[in-house]
> 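My questions will all concern the structure given below.
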Amino acid sequence: MLLWLRQYRRPLLAGDITAGIVVAMMMVPQGMAYALVAGLPPVVGIYASILPPVLYALFGSSMTQSVGPMAIVSLMTAAALAPLADPGSSLYIVLAAQLAFISGLVLLLCGVLRLGFMASFLSRPVISGFSNGAAILIIWGQITPLLGASIPHWHTPSLVLGLCGLLFLWLAKRYASRLLARCGLNQVAADVGARLAPMALVLAGIALVAYGGLEAMGVQTTGHVPSGLPGLNLATSGTHWRTLLSPALLIAFIIFLMSMSAAQTLAQKRGEKLHTNRELLGLGAANVASALSGGFPVTGSISRSAVNFQAGANTPLASIITAGLLALALVAPTGWLALLPLPVLAATIIFAVASLLDWDTLKLSWRYDRSDALALLATTAGVLVLGVEAGVVIGVLLSMGTLIWRASRPHIAVLGRIPNSEHFRNVERYEAQTLPDVLLLRIDAGLFFGNVEAVTERVEDELRGHPTARHLVLVLSAVNQIDSTALLGLIELNSALAKRGISLNLAEVKGPVMDRLRQSSLLKGLSGKLYLSTALATADLSGEHA
């Protein structure tokens, strides 16, 4: 903990200060926007951006991760709390903090129990499908504030302002970096400057309300934003602990998954190593801190962390500086934030969330593995039709179901010798020579209770296709484990083959697997032999000399 602080060097300070300022400017509109997505007053988004990054800096392992509100987690918060209280009400605000507290405790417990391996429970296509569904829901939810009224009865000034905001953000993303570079900024500074377009839009929207009379035209604004720092306390509703447990577990899982995705991307660029269990502790502490300061569930943001990195962040001090600047913004008069027009905030949300729509993974999966593509589409549909929580469950079930389905049907190849060599390859892929009385089968997966029956059925099918075979050789070069059920299946197969006059032989058994087989009865009763290589087995069983 705080190893980065003990090793801190003065040359790192300039980059951390710059990144801290840049991300603070980004966090003001983003935090307020994501609080609205969660159904909370905008200022709560700033509350959730002050203490959480400080606590993450104490316990987390990423040097450039930016922790705070994030679109998907905000949507999940809204989905969990909407049935329990009216959005924006006092009870709703209390439940949001309580949800963050439970999620934080879950993450802390997982960190203490060293459950960091949970990061691999969802496949990339399923994560992409979940993100797509959540992004579509968030965008749809912002259509009404963008239009100033429900479809099709839009409010024309609000619609014009919102569409102009979207156009500005699109133009800034496409051209701002090149324009700033032409003005003399280096490329990194130009890229960072382009990322501040949402803050520029917010300031422009506030100016239009203040001096352009938009409020008199009926354009809605965020309204009163209380000044001052949030108090440190934890208000809870005793009747809702059990109700919030299930969504808190799902939110904690997504918090960890999204945060690890962002942190790993940046760690690879910096050549750093992440510690998954420390990440769990850091994220857990951040969410407990968010709850104590009147916030809601938070996580690492891919886009915000990328800005932090590009702006020159070297250590978590950059996030601490960001938190300090946001605290100063609340201590100062906040009347200017009350003038922020909701169509501008909606445009900011829509444009930010649109980047979550991932069509590349769908196209890649469709070309490479249709089952992954179908899992992606099913997860997206689950989020859209059944809700966010159901979408997460569907994603987990599809990931685990696909894994089990594939593991239960391992690839098994009939091997033959490549002429004039001691190499053995799949006869379906190579012009390989086989022997009439020796059948070589290579099993390309571990053997366990879920696939041993399929393996023995395939063995019997191949033996029926090779009626002259008197020796069966199982090549186990790709088998990393054999569980008890699979061991019993091999013992039964050995006994059944022996009664038919067919010997069962094993070749290229890995050391760890062999260590366990020596403790079993299989080797003692094996009707055939153990061979170091497939070549030795073929030479011995065919009567050749190796």
Side-chain angles (χ1 to χ4, degrees), residues 1-8 16 23 47-70 72-73 76-77 96-122 232 234 236 244-245 247-268 270 272-302 304-305 308-309 313-323 392:
M1 186 173 73
L2 287 182
L3 180 64
W4 62 270
L5 185 57
R6 293 195 293 269
Q7 298 177 346
Y8 201 85
D16 284 340
V23 175
Y47 292 164
S49 306
I50 297 176
L51 274 186
V54 176
L55 269 292
Y56 176 82
L58 295 179
F59 297 98
S61 64
S62 172
M63 293 294 100
T64 53
Q65 174 94 284
S66 177
V67 172
M70 191 255 197
I72 291 177
V73 175
M76 295 183 70
T77 299
Q98 191 169 341
L99 187 62
F101 185 71
I102 300 173
S103 299
L105 291 181
V106 169
L107 290 165
L108 286 172
L109 180 61
C110 290
V112 171
L113 297 178
R114 308 182 70 81
L115 300 180
F117 62 87
M118 293 190 306
S120 58
F121 272 18
L122 282 181
L232 291 179
L234 180 63
T236 63
L244 293 176
L245 180 59
L249 290 172
L250 292 173
I251 288 175
F253 182 64
I254 294 300
I255 286 172
F256 181 50
L257 206 62
M258 296 290 108
S259 179
M260 284 300 298
S261 177
Q264 284 174 343
T265 300
L266 297 177
Q268 290 172 359
R270 293 170 57 98
E272 296 172 347
K273 181 176 176 58
L274 286 180
H275 301 279
T276 54
N277 294 308
R278 279 182 56 193
E279 287 298 295
L280 283 166
L281 293 175
L283 293 167
N287 276 278
V288 170
S290 182
L292 294 175
S293 55
F296 59 104
V298 296
T299 186
S301 164
I302 296 175
R304 197 167 57 243
S305 298
N308 195 39
F309 173 79
N314 295 302
T315 70
L317 180 61
S319 293
I320 295 175
I321 292 171
T322 295
V392 177

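Numbers here are sequence positions counted from 1.
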> Mind listing the closest non-hydrogen atom pair of Ala100 and Pro297 along with its distance?
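Residues Ala100 and Pro297, closest heavy atoms: CB-N, 3.5 Å.
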
> Is Asn277 reaching over with its side chain to a backbone N or O of Leu115, donor-acceptor style, under 3.5 angstrom?
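Indeed, once roles are kept as given, a pair shorter than 3.5 Å links the two residues.
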
> Using atom types as modelled and distance alone, determine if a side-chain donor or acceptor of Asp16 lies under 3.5 Å from a backbone N or O of Thr315.
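Indeed, once roles are kept as given, a pair shorter than 3.5 Å links the two residues.
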
> CG of Leu5 to CD1 of Ile320: how many Å apart, nearest 0.5 Å?
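Spacing of CG (Leu5) from CD1 (Ile320) equals 7.5 Å.
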
> Looking at every heavy atom in both Leu107 and Gly284, which two are closest together, and how far apart are they?
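For Leu107 and Gly284, the tightest heavy-atom pair comes out as CB-CA, 3.6 Å.
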
> Is there a side-chain contact between Leu51 and Leu292 in this structure, where contact means two heavy atoms from C-beta onward sitting under 4.5 Å apart?
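In short, these two side chains do not touch, never coming nearer than 4.5 Å.
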
> Nearest 0.5 Å, please: how far is SG in Cys110 from CG in Leu281?
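Output value for this atom pair is 10.0 Å.
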
> Does the side chain of Pro53 come within less than 4.5 Å of Thr322's, by heavy atoms?
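No; the side chains remain at least 4.5 Å from each other.
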
> Please tell me if the side chains of Val23 and Ser319 come closer than 4.5 Å, counting only heavy atoms from C-beta onward.
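They are not in contact (no side-chain heavy atoms under 4.5 Å apart), so the answer is no.
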
> How many angstroms lie between atom CG of Leu245 and atom CG of Leu250, to the nearest 0.5 angstrom?
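One finds 10.0 Å between CG of Leu245 and CG of Leu250.
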
> State whether a side-chain donor-acceptor pair under 3.5 Å links Ser61 with Glu279.
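Judged by distance alone, the side chains do pair up.
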
> Distance from Ile251 atom CD1 to Asn287 atom CG, nearest 0.5 Å?
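One finds 9.0 Å between CD1 of Ile251 and CG of Asn287.
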
> Within the structure provided, determine whether Ile255 and Val73 are in side-chain contact (heavy-atom separation under 4.5 Å).
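Yes - at least one pair of side-chain heavy atoms lies under 4.5 Å apart.
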
> Might you point out which heavy atoms bring Val67 and Pro52 nearest each other, and give the distance in Å?
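What the structure gives for the nearest pair is CG1-CB, 4.3 Å.
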
> Only counting residues at least two apart or in another chain, list the ones meeting side-chain hydrogen bond (donor to acceptor under 3.5 Å, both in side chains) with Ser305.
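Partners of Ser305 under the side-chain hydrogen bond (donor to acceptor under 3.5 Å, both in side chains) test: Gln65.
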
> Please name all residues satisfying side-chain hydrogen bond (donor to acceptor under 3.5 Å, both in side chains) with Ser290, sequence neighbours left out, ordered by chain then number.
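For Ser290 there are no side-chain hydrogen bond (donor to acceptor under 3.5 Å, both in side chains) partners, ignoring immediate neighbours.
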
> For Thr276 and Phe256, run side chain to side chain contact (heavy atoms under 4.5 Å, CB included): C-alpha distance rounded to whole Å, both residues' side-chain angles, the deciding distance at 0.1 Å, then the answer.
CA-CA 9 Å; Thr276 54; Phe256 181 50; 4.3 Å; yes

> Would you check if there is a donor-acceptor pair between the side chains of Ser66 and Arg304 at a distance under 3.5 Å?
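Distance-only check passes for Arg304 and Ser66.
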
> For the residue pair Ala313 and Thr64, what are the closest heavy atoms and their distance?
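Reported closest heavy-atom pair: O-CG2, 3.5 Å.
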
> What is the minimum heavy-atom distance between Gly300 and Leu283, and which atoms define it?
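Looks like N-CD2, 4.3 Å.
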
> In Å and rounded to the nearest 0.5 Å, what is the OG1 to CG distance from Thr236 to Leu99?
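That separation rounds to 13.0 Å.
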
> Got a second to check how far Leu58's CG is from Trp4's CH2, nearest 0.5 Å?
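Taking CG in Leu58 and CH2 in Trp4, the distance rounds to 8.0 Å.
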
> Might you point out which heavy atoms bring Phe59 and Gly282 nearest each other, and give the distance in Å?
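Smallest interatomic distance, heavy atoms only, reads CB-CA, 3.6 Å.
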
